[in-house]
J.: 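Can you read through this structure? Questions will come right after.
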Amino acid sequence: MSVDRATVARVLDQIASHLELKGDNPFKVRAFRMGARTVVGLAGEPGQWLEEGTLDQISGIGAGIQAVVRDLVLAGRSTALDELREQVPPGLVEMLRISGLGVAKVRQIHERLQIESIPDLEAAARDGRLAALPGFGPKTADNVLKSVARLRQATSFRLMHHAADEAHQLAAGFERLVGVTRAIPAGDVRRGLELVGDLVMVLVAERPAEDVLRDIAKLPGVDEFGGHDERRATVRFAGGESVQVIVTPPPNLGVVLLQATGSAAHLQDLAETAAAAGYTLSGAALWKGSEFVPTPDETTVYRILGLEPVPPELREGRGEIDAARTRLPALIVRDDLQGLIHCHTSYSDGSSSVRDLARICGEAGYRYVGVTDHSGTAAYVGGLTEDDIRAQWRDIDDTNAAGAGARVLKGIEADILADGWLGFSDPLLDGFDFVIASVHNRFEMNRDQMTERILRVMDHPAVTILGHLTGRLLLSRDPYQLDTDRVFAKAAQTGVAIEINADPQRLDLDWRLVRVAKEAGVTISIGADAHSAAGLDNVNYGVTMARKGWLTAADVLNARPVEDFLAFARRRRQA
DNA sequence: GCCGTTTTCGGCCCGACTGTTTTCAGTCG
């Protein structure tokens, strides 16, 4: 098993956390944290970096971090981390993931209460010992309990990009089994859900299912093999991954893949449609009375039932079967996007230069790329001052004049301040081609205040797009309180677009609301929120969310040609 | 640990908010 970027990043982060708890030099801690962020954004894989010596040229990666990468690639483990694990109780490192607890508090908990695990911490939060510590109080104890509950949930669900990576790796492994012609990730992954519970895999086999399952049970790394019947089993690997495997012969693939993909609500509607047409949809086959109906693919099943084939993303039991009786929307695809917008560069917290971004986007087939670094109020991510902005504009003009790659648009991701205004003067704002306005602080406002804050910023004619509207971070932070209906109504009326932020930790606007927004007449933009070259691919997750929200290319701002995109932004300023 | 047309040593890291306080430490983005 080769080591991937995510693993390297995780190990570097772990090293940083251990050092932090030990009370080591904070700048050293920071160096490892920055290193973790940097490697995620690098192209290629760790093994390659070593062979080609790529890391020597990367700023922020020096001898220490290179040693960790080398350890991981050559030995699969880091001696530096192994040593640190001897020195710091593992429970304390876990506690750092609890929001509201930092190093100082965790150390105090450890020293004063001798607590080394999360269950012990929970007990102390319940019985009042935690609140009694100096600097702690009832609210802190309450927050700890809430955050621990969320962490628990986070271990039973995974973010879609992690689940999809895992599913595709497993599929590649299963396809090497004798007699297996295809392994297809199904379930939540195939429907493109933002959070994935269980992995489901359909194997197409030209051998009896029992034989294939027997081989799977004997695979190296299989820890548990249970819940199985003649065609299904739940397999747990030593690494902790678990997957439900369903084996089918080719003639039944259509029905089996449908059933394995779900959702329950979609299958319920489908079963009723089948019954009305005189068919029975069982777990593994389609029947007309007692006659077996072959279904080599899903399209066959839908067609037999008089329906248009329903793309997996739409199968949520939200009216798609009714729509499929006549006509389903032509859902947007990645190639419909003409522009890649919401990209950070090395001017703020991104890792690519303007010129690199233009080149990479050009190579990926985009006609334009919207650079949107953070505004100056976001100091922690190197937000741009007015001088920085003017320097970046010159850089963009030079890049466009050189004409290599996608056309670069001048944008900014401006903080929406607590009072609903942007932290820039109007003349400066006028210099941008477009403006994304986002909330980055004061999440705790009540619903009325937050709604007013956002409605107010929409009155500013420079605002083109509202970024990550609800502020959620999947599995770690709830959306803030907001009256989205009022925001949608105003967006439709004022011609402000609303973003689907494609960062797999955000995927905000939620796809369920995307459809509501569309019906309210809102234009949607798909923002990559990319901080590196690798992050540009995030946009695929955004497209998946757009599809789940029933969007066509016509609904999406950056599926339009550059002139139309710019006109959309300009129209508001001229009104 | 990383970096360097000021230094191979000595800097690097800002501001707002929260919950705890009675003037501020700790956390977070």
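Chain letters run A, B, ... following the sequence lines, proteins first, then strands; residues in each count from 1.
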J.: Could you please name the option among dC2(B), dG26(B), dC3(B) that lies closest to any side-chain atom of S59(A)?
T.: dC3(B)

J.: Would you indicate which nucleotide in dC3(B), dG26(B), dC13(B) comes nearest to any side-chain atom of P26(A)?
T.: dC13(B)

J.: For dG1(B), does either OP1 or OP2 sit under 4.0 Å from a side-chain N or O belonging to R30(A)?
T.: no

J.: Please report the closest heavy-atom contact between V369(A) and A358(A), naming both atoms and the distance.
T.: CG1-CA, 4.3 Å

J.: With C1' as the reference atom in both, quote the distance from dA16(B) to dG10(B) in angstrom, rounded to an integer.
T.: 30 Å

J.: With sugar-phosphate meaning primed atoms plus P, OP1 and OP2, does F32(A) contact a base, only sugar-phosphate, or nothing at under 4.0 Å between heavy atoms?
T.: sugar-phosphate

J.: At 4.0 Å (heavy atoms only), tell me whether L19(A) reaches a base, stays on the sugar-phosphate, or touches nothing.
T.: nothing

J.: If you look at every strand shown and take non-hydrogen atoms under 4.0 Å, does R477(A) touch a base, only sugar-phosphate, or nothing?
T.: sugar-phosphate

J.: Answer yes if the side chains of S525(A) and E499(A) hold a donor-acceptor pair under 3.5 Å, and no otherwise.
T.: no

J.: What integer number of Å spans the C1' atoms of dT6(B) and dG1(B)?
T.: 23 Å

J.: Classify V29(A) by what it touches in the nucleic acid, base, sugar-phosphate, or nothing, heavy-atom distance under 4.0 Å.
T.: nothing

J.: Tell me, please, which residues at least two apart from D373(A) pass side-chain hydrogen bond (donor to acceptor under 3.5 Å, both in side chains).
T.: T345(A), S348(A), Q392(A)

J.: Expressed as a whole number of angstroms, how long is the span from I15(A):CD1 to dG1(B):C1'?
T.: 11 Å

J.: Quote, to the nearest angstrom, the C1' distance that separates dT20(B) from dT27(B).
T.: 13 Å

J.: Mark yes when over 12 heavy atoms from residues, nucleotides or ligands other than R33(A) sit less than 6.0 Å from its CZ; otherwise mark no.
T.: yes

J.: Would you say Y368(A) and N558(A) are linked by a side-chain donor-acceptor pair, where the criterion is simply a distance under 3.5 Å?
T.: no

J.: Distance to the ring centre below 6.0 angstrom and angle to the axis at most 45 degrees; does that hold for K105(A) and F136(A)?
T.: yes

J.: For L96(A) and F27(A), take the nucleotide of DNA chain B holding the closest heavy atom to each; which residue's nucleotide lies nearer the 5' end?
T.: F27(A)

J.: Are the ring centres of H342(A) and H531(A) closer than 6.0 Å?
T.: no

J.: Roughly how many Å apart are dC17(B) and dC13(B), using the P atom of each and rounding to a whole number?
T.: 22 Å

J.: Can you tell me the base-pairing partner of dG19(B)? Count Watson-Crick or G-U wobble geometry only, both distances below 3.5 Å, and say none if there is no partner.
T.: dC24(B)

J.: Is there any protein nitrogen or oxygen under 3.5 Å from a nitrogen or oxygen in nucleotides 16-20 of chain B, and what are the pairs?
T.:
| from | atom 1 | to | atom 2 | distance (Å) |
| --- | --- | --- | --- | --- |
| dC17(B) | OP1 | R442(A) | NH1 | 3.1 |
| dG19(B) | O3' | T140(A) | OG1 | 3.3 |
| dT20(B) | OP1 | G137(A) | N | 2.7 |
| dT20(B) | OP1 | G137(A) | O | 3.1 |
| dT20(B) | OP1 | T140(A) | N | 3.2 |
| dT20(B) | OP1 | T140(A) | OG1 | 2.8 |
| dT20(B) | O3' | F136(A) | O | 3.4 |

J.: Looking only at atom C1', what distance separates dT7(B) and dC2(B), rounded to whole Å?
T.: 15 Å

J.: Would you indicate what I58(A) reaches in the nucleic acid, counting non-hydrogen atoms under 4.0 angstrom: base, sugar-phosphate, or nothing?
T.: sugar-phosphate

